[in-house]
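Structure record follows, encoded as structure tokens.
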2 protein chains.
Amino acid sequence: MSLQDILTTGTAPKRVAAGMGFWKSLFSALDTPVAAPSSVPADDPLAGYGPQAVEITPAIAANQRLILSTRRDIDLQELEALCDAVGWSRRPVRKVRRALDNSFLVVSLWEQLAQQRRLIGFARATSDHAFNATIWDVVINPSFQGQGLGRVLMEYVIAQLQQAEIPNITLFADPHVVDFYRRLGFVLDPEGIKGMFWYPS
Amino acid sequence: MSLQDILTTGTAPKRVAAGMGFWKSLFSALDTPVAAPSSVPADDPLAGYGPQAVEITPAIAANQRLILSTRRDIDLQELEALCDAVGWSRRPVRKVRRALDNSFLVVSLWEQLAQQRRLIGFARATSDHAFNATIWDVVINPSFQGQGLGRVLMEYVIAQLQQAEIPNITLFADPHVVDFYRRLGFVLDPEGIKGMFWYPS
Ligand SMILES: CC(C)(COP(=O)(O)OP(=O)(O)OC[C@H]1O[C@@H](n2cnc3c(N)ncnc32)[C@H](O)[C@@H]1OP(=O)(O)O)[C@@H](O)C(=O)NCCC(=O)NCCS
Ligand SMILES: CC(C)(COP(=O)(O)OP(=O)(O)OC[C@H]1O[C@@H](n2cnc3c(N)ncnc32)[C@H](O)[C@@H]1OP(=O)(O)O)[C@@H](O)C(=O)NCCC(=O)NCCS
């Protein structure tokens with residue numbers, strides 16, 4: 001089997017079915033689009049998080065809500081602060097904005113305490129909207145790591161890509177997170193297919 | 001060094017400089033946008049191939065012109081015939097159209113004999129338009145393989161991505177083409193960064 005076989009044959013419908021099973025059980029999902037803001041009940045915890053928003057239950061702490069969103073209008077200072085917290089280098093805000101605008105999927109994870117919300121996780125994917133998606137910039141705030149949120153974030157990303165019927169989901173993993181992705185169902189070099197990076201020679 | 005360092009620091013400007021050097025020497029490049037069709041001389045061999053078109057010189061055969069183009073309005077039957085010729089499975093035309101429309105870069109290689117043109121090579125890349133690009137569907141018609149066209153096609157793809165100032169160029173290579181990409185400057189698992197594919201568990 002070659003890369004092209006993975007891209008073009010077989011696995012897509014199976015993946016959709018499997019995915020829709022596994023993630024529905026994890027969330028108190030809100031699959032129907034939210035109404036326009038004016039008609040949303042004031043106490044709807046998902047109001048403002050967009051039509052694909054889901055709440056992760058149970059939360060870790062009391063009075064806390066944990067919400068996954070696909071909205072793209074993230075405060076870029078807040079996003080850079082999150083990336084800073086795991087030691088990633090700063091990136092020009094204008095380029096980050098362009099990257100989010102041109103990502104197929106942008107997922108953010110929020111902690112909501114009363115009226116305060118805080119960005120605590122992030123991931124995004126590029127895609128051709130048809131055959132391939134590649135996941136980038138997966139991050140959970142260090143204070144929130146090791147409690148299953150990275151897994152839930154990634155399962156949500158995968159579920160969104162399956163919902164969009166993208167059969168081939170790929171990523172490039174740093175050595176220290178290969179096992180994190182493996183537990184989520186990612187396979188290293190399947191059929192000998194190798195990730196490669198271009199360097200100027 | 002981590003994936004994130006590759007994505008965010010250092011190498012971009014160097015790559016642009018190196019790239020602009022190496023590919024300019026290969027082409028009789030047409031860098032200035034072509035004029036509107038009405039004002040293009042009837043004998044302009046690049047007319048109709050779009051503003052980024054370049055001719056590969058010398059061609060392989062007499063009376064033959066070999067032209068690289070970034071136009072997206074490729075006949076999908078012709079593209080599928082090309083992919084067929086290297087044994088790739090058929091893909092639904094509507095999905096292929098969507099994939100081309102949502103690729104950041106679409107590169108086609110044409111053989112022009114008098115007024116006849118024929119699609120003999122192809123490659124495309126997805127991207128966030130800022131940090132990452134991933135190259136997919138690299139193919140040269142078997143009758144034209146082994147004569148350097150795959151290399152020129154890929155150098156053109158790289159040059160286009162560099163021109164767009166995308167610092168991180170990636171791909172997933174079947175085992176039998178790893179060496180083809182290595183000769184072009186692609187590196188396997190740099191710093192232990194691994195390509196991974198998701199399979200439903
Ligand atoms: C990688 C990261 C997103 C994981 O998030 P997290 O919330 O800590 O992960 P979880 O608690 O959901 O862990 C899920 C599973 O993966 C395991 N895991 C988490 N981090 C791991 C790691 N670095 N290596 C191996 N396994 C790991 C957990 O033990 C857990 O296993 P289980 O399901 O069998 O219990 C987070 O550590 C992070 O942001 N790291 C810094 C940024 C980074 O390196 N991102 C990846 C760039 S390629
Ligand atoms: C891979 C492919 C695009 C190469 O195109 P090509 O026009 O034959 O390649 P070139 O003639 O430009 O070769 C460039 C260099 O790579 C080498 N090369 C070409 N194909 C190679 C291969 N399969 N393995 C190792 N080296 C290879 C050539 O010897 C040449 O080396 P040199 O520069 O040192 O002389 C073409 O063989 C093809 O379309 N294959 C089928 C589709 C495919 O598998 N695509 C890749 C999907 S991941």
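Each chain gets a letter, A, B and so on, in the order the sequences are listed, and its residues count up from 1.
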Tell me the salt bridge (Lys or Arg N to Asp or Glu O under 4.0 Å) pairs involving residues 104-116 of chain A, sequence neighbours left out? E111(A)-R118(A)
Is there a salt bridge (Lys or Arg N to Asp or Glu O under 4.0 Å) between D128(A) and R124(B)? Walk through the geometry before answering. CA-CA 10 Å; D128(A) 58 15; R124(B) 66 189 176 93; 2.9 Å; yes
CG (D73(B)) with more than 12 external heavy atoms under 6.0 Å: yes
State whether the number of non-hydrogen atoms from other residues, nucleotides or ligands found under 6.0 Å of D75(B) atom CG is greater than 12. yes
Proximity breakdown for V177(A) and chain B, heavy-atom pairs closer than 4.5 Å: neither
Test of understanding: with side-chain hydrogen bond (donor to acceptor under 3.5 Å, both in side chains), list the residues that count as partners of R117(A), not counting sequence neighbours. Y49(A)
So how far is it from L184(B) CG to Y199(A) OH, rounded to the nearest 0.5 Å? 16.0 Å
Report the distance from atom CZ of R97(B) to atom NE2 of H129(A), rounding to the nearest 0.5 Å. 14.5 Å
Quick one: are the ring centres of F172(A) and F172(B) less than 6.0 Å apart? yes
Heavy-atom side-chain contact between F197(B) and I193(A) under 4.5 Å: yes
Side chain proximity check, F131(B) to V96(A), heavy atoms < 4.5 angstrom: yes
If only atom types and distance count, is the side chain of K95(B) paired as donor or acceptor with the main-chain N or O of A130(A) below 3.5 Å? yes
Got a donor-acceptor contact below 3.5 angstrom from the W198(A) side chain to the P167(B) backbone? no
Identify the heavy atoms of F186(B) and M196(A) that sit nearest to each other, and give their distance. O-CE, 3.7 Å
Flag the one option from N102(A), T126(A), T134(A) with the top tally of heavy-atom pairs under 4.5 Å to chain B. N102(A)
